[in-house]
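Below is one structure, written out as structure tokens; the observations come after it.
Everything numeric here is computed off the predicted structure, so don't read it as measured data. Just so it is clear: chains get the letters A, B, ... in the order the sequence lines come, proteins before strands, and each one is counted from 1.
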Protein chains: 2
Amino acid sequence: MVRLSEIEIDPAYLEEYKTILKEESAASVKLEPGVIAIFPMYRKDSPTSVRILEMYASKAAYEQHLKTSHFQKYKTTTLKMVKSLKLVDMESLDAATMPFVFRKLKQDNE
Amino acid sequence: MVRLSEIEIDPAYLEEYKTILKEESAASVKLEPGVIAIFPMYRKDSPTSVRILEMYASKAAYEQHLKTSHFQKYKTTTLKMVKSLKLVDMESLDAATMPFVFRKLKQDNE
């Protein structure tokens, strides 16, 4: 399961938001076997436009992720900072190999 | 250097385009030391909306990439298939570690 989230952040909270997101994504990849990769980035010409490439082992792994304390903490603390949120479901063009590649990378880092 | 390309494909050429892109991205990652990662995907609700996450070691590595025969072949053969193309420059939120992580992954696969 691959997703590209498009998030617009209130400029007043940008630095605070980035710190919280960085913590949350690191915790997710580290603590959850079903989170294969979370890659947060932002547009160079518009730093309040955040994009997050997310990769989960399955829909169940994603639903589990939503229940974790680190995700819940991120969600509640950033609610007022997020101006808009679009969750765009993607399909990897090389679906057969890419999730495997990320999973292998994650295992190597453990 | 991180980029998220947004490409709209003529539906008549979609399958052909995807085959060519898959070949080109595989060749780039394999043959070019400066290409850290190329991750092509498309929107589930709009398969003609292709997104490519691209990671290069430097601007010079990217310019080198544009001159390779596999990129030139991709560019010329897909020209008529591409309806629109937006090259969006991104900044990794975790700039310090992510390119390293992808580079390590690539080395492991070599």
Considering only heavy atoms, which portion of A:L4 lies under 4.5 Å from any heavy atom of chain B: side chain, backbone, both, or neither?
side chain
Select all residues of residues 63-72 of chain A having any heavy atom within less than 4.5 Å of some heavy atom of chain B, and report them by number, or 'none'.
none
Between [Y] and [X], is there a side-chain heavy-atom distance shorter than 4.5 Å?
X	Y	value
A:K44	B:M90	no
B:V2	A:M41	yes
A:L53	B:L53	yes

Please report the closest heavy-atom contact between A:S92 and B:Y42, naming both atoms and the distance.
O-CE2, 4.5 Å
Among residues 76-88 of chain B, those lying within the under-4.5 Å heavy-atom range of chain A are B:V88
Run the side chain to side chain contact (heavy atoms under 4.5 Å, CB included) test against B:S25 and tell me which residues pass, sequence neighbours left out.
B:I38, B:P40
All N/O donor-acceptor pairs, side-chain side in residues 10-22 of chain A, below 3.5 Å, sequence neighbours left out:
unit_1, atom_1, unit_2, atom_2, d
A:D10, OD1, A:A12, N, 2.9
A:Y17, OH, A:Y74, OH, 2.8
A:T19, OG1, A:E15, O, 3.0

